[in-house]
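Working notes, structure below.
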Amino acid sequence: MSLDTLKSAIPDYAKDLKLNLGSVIGNSELPAQQLWGTVLATAIASRSPIVLRELAPEAEANLSPEAYTAAKAAAAVMAMNNVFYRTRHLLSDHEYGTLRAGLRMNVIGNPGVDKVDFELWSFAVSAINGCGLCLDSHEQVLRKAGVDREVVQEAFKIASVIQAVGVTLDAEAVLAE
């Protein structure tokens, strides 16, 4: 199970995805923890069993146990937050925005890893889940912490490629049945 196995499974019509997958992971300038935490969190967010099965072992090999758990926690809490905050934002009745959320999100305050890394992973998951409010919020925290735009963009590049690979491989699996 590996990145190479995943790339070899991508059909010829999606060659760009194969090249991009190798590039965003293999040529990333992100530190290993930021890179592999982003890969794992977005692989989970992609909801693709194939992508997660192939990338999780490499992520685990490249992350400390704490970082591996924190990346999974980022995917989990953002699965909830992205639905909640996207819905509040999309509703035309803005009074919902004044109501207390009442949802536990303790892991955001104490993720067990550098908060910048956790914010980056949360941002990348929010890109896949399409929550503009969460994207803006996490991007602002990252920028205030001194993270360059290029790093932020690297996270959503990874998210976009992993999502596209998941969609493509899951479609191929269904069509092959």
Side-chain angles (χ1 to χ4, degrees), residues 24-25 28 30-56 58-60 62-167 170:
V24 298
I25 295 176
S28 177
L30 294 177
Q33 180 164 298
Q34 287 184 353
L35 170 65
W36 286 102
T38 302
V39 168
L40 179 60
T42 58
I44 293 168
S46 79
R47 298 172 185 83
S48 171
I50 298 166
V51 167
L52 184 57
R53 193 173 329 149
E54 296 300 328
L55 293 178
E58 283 197 56
E60 189 170 27
N62 284 282
L63 293 169
S64 68
E66 296 81 12
Y68 186 79
T69 298
K72 293 191 304 182
V77 75
M78 295 317 296
M80 174 186 69
N81 284 358
N82 292 156
V83 171
F84 181 81
Y85 288 105
R86 182 179 63 233
T87 301
R88 274 201 347 189
H89 178 71
L90 291 173
L91 287 169
S92 60
D93 182 348
H94 296 287
E95 289 297 314
Y96 288 100
T98 66
L99 301 176
R100 184 177 170 277
L103 298 172
R104 295 196 180 271
M105 307 170 219
N106 295 331
V107 72
I108 293 172
N110 187 17
V113 295
D114 186 288
K115 288 187 181 193
V116 166
D117 294 350
F118 193 83
E119 286 289 334
L120 190 68
W121 304 336
S122 297
F123 172 85
V125 170
S126 297
I128 288 177
N129 292 334
C131 180
L133 195 62
C134 294
L135 284 167
D136 281 343
S137 175
H138 292 290
E139 189 268 349
Q140 288 171 13
V141 170
L142 289 164
R143 298 289 292 138
K144 283 180 186 169
V147 176
D148 293 334
R149 283 182 179 86
E150 291 79 8
V151 170
V152 174
Q153 180 170 288
E154 190 76 18
F156 66 84
K157 279 172 53 177
I158 292 167
S160 67
V161 172
I162 287 179
Q163 174 68 9
V165 169
V167 166
D170 289 353

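Below, each value reflects all heavy atoms present in this structure, side chains not excepted, and no hydrogens, waters or symmetry copies.
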Here the gap from L52 atom CG to I50 atom CD1, rounded to the nearest 0.5 Å, amounts to 11.0 Å

Decide yes or no for L120 and V116: does some side-chain heavy atom of the first lie under 4.5 Å from some side-chain heavy atom of the second?
-> no

Does I108 reach the side chain of N81, with side-chain heavy atoms less than 4.5 Å apart?
-> yes

Test item: F118 and S122 side chains (from C-beta on) under 4.5 Å apart, heavy atoms = yes

Beyond-backbone contact of V113 with W121, side-chain heavy atoms, under 4.5 angstrom | yes

Quick one: are E119 and F123 in side-chain contact, heavy atoms under 4.5 Å?
-> no

Tell me, with the steps shown, if R86 and L133 meet side chain to side chain contact (heavy atoms under 4.5 Å, CB included).
-> CA-CA 7 Å; R86 182 179 63 233; L133 195 62; over 6 Å; no

Would V141 and K144 count as a side chain to side chain contact (heavy atoms under 4.5 Å, CB included) if you check the C-alpha gap in whole Å, the side-chain angles of each, and the deciding distance to 0.1 Å?
-> CA-CA 5 Å; V141 170; K144 283 180 186 169; 5.9 Å; no

A75 and I44: which non-hydrogen atoms are nearest, and at how many Å?
-> CB-CG2, 3.6 Å

Taking all atoms of both residues into account, what is the closest heavy-atom pair of E66 and G112, and its distance?
-> CB-O, 4.0 Å

Look up atom CG in N62 and atom OH in Y68, then write down how far apart they are to the nearest 0.5 Å.
-> 11.5 Å

Can you measure from OH (Y85) to CG (L90) and round to the nearest 0.5 angstrom?
-> 14.5 Å

Shortest non-hydrogen contact between G109 and P111, atoms and distance | C-CD, 3.7 Å

Ignoring hydrogens and geometry, is there a side-chain-to-backbone donor-acceptor pair from R47 to A45 under 3.5 Å?
-> yes

Residues in side chain to side chain contact (heavy atoms under 4.5 Å, CB included) with F84, at least two apart?
-> R88, A101, L103

Donor-acceptor contact present, side-chain T69 to main-chain P65, <3.5 Å = yes

Under the 3.5 angstrom rule, does the side chain of S137 hit a backbone N or O of C134 as a donor-acceptor pair?
-> no

Taking only distance into account, with no hydrogens and no angle test, what donor-acceptor pairs under 3.5 Å do side-chain atoms of residues 147-154 form with protein atoms, sequence neighbours excluded?
unit_1	atom_1	unit_2	atom_2	d
E154	OE2	S28	OG	3.4

OG-CD distance between S126 and E139, expressed to the nearest 0.5 angstrom | 12.0 Å

Derivation of the side chain to side chain contact (heavy atoms under 4.5 Å, CB included) call for L35 and I158 | CA-CA 9 Å; L35 170 65; I158 292 167; 3.7 Å; yes

Considering all heavy atoms of both residues, which atom of A32 and which atom of L63 are nearest to each other, and what is their separation?
-> O-CD2, 4.3 Å

Step-by-step side chain to side chain contact (heavy atoms under 4.5 Å, CB included) determination, V161 to K157 | CA-CA 6 Å; V161 172; K157 279 172 53 177; 5.6 Å; no

Rounded to the nearest 0.5 Å, how far apart are CE of M78 and CE of M80?
-> 8.5 Å

Using the test side chain to side chain contact (heavy atoms under 4.5 Å, CB included), find all partners of D93 that sit at least two apart in sequence or belong to another chain.
-> E95, Y96

Is there side-chain contact between V125 and T38, with at least one heavy-atom pair below 4.5 Å?
-> no

Would a 4.5 Å heavy-atom cut-off, applied to side chains only, mark P49 and D170 as touching?
-> yes

Taking all atoms of both residues into account, what is the closest heavy-atom pair of A124 and T42, and its distance?
-> CB-CG2, 3.5 Å

Heavy-atom closest pair (S46 atom, Q163 atom, distance to 0.1 Å) is CA-OE1, 3.3 Å

L55 side chain near L40 side chain, heavy-atom distance below 4.5 Å = no

